[in-house]
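The next block holds one structure in the form of structure tokens; read it before the comments.
Heavy atoms only: backbone and side chains are in, while hydrogens, waters and symmetry mates are out. Just so you know, ligand 1 is whichever comes first in the structure, and atom 1 is the first atom listed for that ligand. This chain uses plain numbering: 1 for the first residue, then up along the sequence.
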Amino acid sequence: MNNPVLTDAQSHTDTLKKQMRDILKVQDVSKTFKSGSREVNVLSDINFSITEGEIVAIVGPSGSGKTTLLGLCAGLDHPTTGNIHIYDRDISKLTEDEKAAIRNEYVGFIFQNFQLIPTLSAYENVMVPLELQGHSKLARERARELLDRVGLGDRMTHYPSQLSGGEQQRVSLARAFCNNPKLLFADEPTGNLDGDTGAKVEELHFELNKEQGTTLIIVSHDMELAQKTGRIIRLRSGKIISDQPNQNQ
Ligand SMILES: Nc1ncnc2c1ncn2[C@@H]1O[C@H](COP(=O)(O)OP(=O)(O)OP(=O)(O)O)[C@@H](O)[C@H]1O
Ligand SMILES: [Mg+2]
């Protein structure tokens, strides 16, 4: 027989869950790349939803489609089939300009290969998202504060070519945080960092989640990092092989 106390608690949890909105919904997504005359199917049958405030790790072997999936979810590329909603907007149906507007408003992205603008200093790179929204004064303040927080207060005027890999990674992180995104995609955010710096950067992600309720979707090879998240999605050969709450949390 059902325990009435437990049933009550469960229904309370269910109600709370219903009150939280899905910030990302991926439905029947596949992605095929054309390479010469060949077609390479990189993702298939991808389905999952993410609720506001969740911290989710995406793990899987090299080449399993993690970066491709993140790019699709952030509207940087379009799926071959399926739909991707950020809140109630189907980004797979939007024009490039409309997608850029959604990205500016909601999304931060930390790229595996940084993608900093080589002709801008670290400081200017970090300001870009807020500058695009016309908030120049705020952009200057946030850029300074964030570069300090990632330990690069003394490297602000350096250009990307004058920074080490790990330093560029941290500039990329500061840039992604600049407009307080509701949804942050981080592709191997600690991949190029030494233990101490990696730990600081990791902490910064979790702080952002606590302070601002930022939803975090983190791709990582580092299972120690993945184990600190609330849910782990495993990819293999372009398919989700498991999607489970993290038992260690
Ligand atoms: N533009 C492209 N054209 C053709 N194939 C591509 C393209 N981009 C990615 N691929 C292929 O898609 C597969 C998945 O690549 P992806 O970068 O998503 O993997 P990943 O899981 O992020 O790997 P890693 O852990 O090494 O970063 C790879 O086999 C890659 O060669
Ligand atoms: Mg990748």
Side-chain angles (χ1 to χ4, degrees), residues 24-50 54-84 86 91-92 94 96 99-100 103 107-116 160 164-173 175-177 181 183-195 197-198 201-202 204-205 215-229 231-244 246:
L24 178 71
K25 193 167 195 178
V26 179
Q27 294 168 295
D28 298 326
V29 160
S30 72
K31 179 71 182 173
T32 303
F33 287 111
K34 280 211 169 74
S35 168
S37 59
R38 275 185 58 230
E39 290 208 332
V40 188
N41 182 232
V42 172
L43 292 171
S44 45
D45 294 328
I46 303 289
N47 286 285
F48 63 89
S49 297
I50 289 179
E54 267 196 282
I55 305 181
V56 180
I58 299 182
V59 303
S62 177
S64 56
K66 305 179 298 294
T67 296
T68 308
L69 178 59
L70 239 49
L72 296 179
C73 292
L76 300 170
D77 197 359
H78 50 88
T80 307
T81 65
N83 304 302
I84 297 171
I86 291 183
I91 58 165
S92 37
L94 301 181
E96 289 306 319
K99 278 197 289 192
R103 277 202 302 274
V107 177
F109 204 105
I110 299 168
F111 293 93
Q112 193 169 12
N113 52 1
F114 326 128
Q115 301 220 357
L116 298 176
S164 73
E167 287 170 345
Q168 290 180 56
Q169 179 91 318
R170 283 182 277 157
V171 175
S172 156
L173 181 89
R175 178 181 60 185
F177 285 5
L183 182 56
L184 180 73
F185 297 100
D187 197 353
E188 297 282 359
T190 57
N192 297 284
L193 305 177
D194 61 69
T197 320
V201 161
E202 224 177 82
L204 212 57
H205 282 78
T215 310
L216 301 178
I217 302 175
I218 305 173
V219 162
S220 186
H221 278 110
D222 177 358
M223 277 318 286
E224 266 185 45
L225 169 56
Q227 292 298 353
K228 291 177 190 157
T229 66
R231 169 177 166 195
I232 302 180
I233 297 178
R234 288 169 204 277
L235 277 185
R236 186 173 300 154
S237 308
K239 290 202 160 115
I240 292 181
I241 54 163
S242 73
D243 177 355
Q244 286 172 333
N246 185 2

(message) I'd like to know if the side chain of Asp28 pairs up with that of Asn83 as donor and acceptor (distance under 3.5 Å, no hydrogens or angles considered).
(response) no
(message) Quick one, Thr68 and Phe33 - any side-chain contact, counting heavy atoms below 4.5 Å?
(response) yes
(message) Is any side-chain heavy atom of Ile240 closer than 4.5 Å to one of Asn47?
(response) no
(request) With the Mg ion (ligand 2) as the centre, enumerate protein N/O/S atoms below 2.8 Å in chain and residue order. (result) Thr67 OG1, Gln112 OE1
(request) Give the protein residues with at least one non-hydrogen atom closer than 4.0 Å to an atom of ligand 1, ordered by chain and number. (result) Phe33, Val42, Pro61, Ser62, Gly63, Ser64, Gly65, Lys66, Thr67, Thr68, Gln112, His221
(request) Sort and list the pairs that fulfil salt bridge (charged side-chain N to carboxylate O under 4.0 Å, His left out) and have at least one residue in residues 59-78, not counting sequence neighbours. (result) Lys31-Asp77
(request) Return yes if a side-chain donor-acceptor contact under 3.5 Å exists between Thr80 and Ser30, otherwise no. (result) no
(message) Is the shortest side-chain heavy-atom distance between Glu202 and Leu193 below 4.5 Å?
(response) no
(message) Taking side chain to side chain donor-acceptor pair (under 3.5 Å) as the definition, give me every residue that meets it alongside Thr197, ordered by chain and number, with sequence neighbours left out.
(response) Asp194
(request) Report yes or no: do Asn246 and Thr229 form a side-chain donor-acceptor pair below 3.5 Å? (result) no
(request) Please work out which of the three classes, parallel, tilted or perpendicular, describes the rings of Phe109 and Phe185, given edges at 30° and 60°. (result) tilted
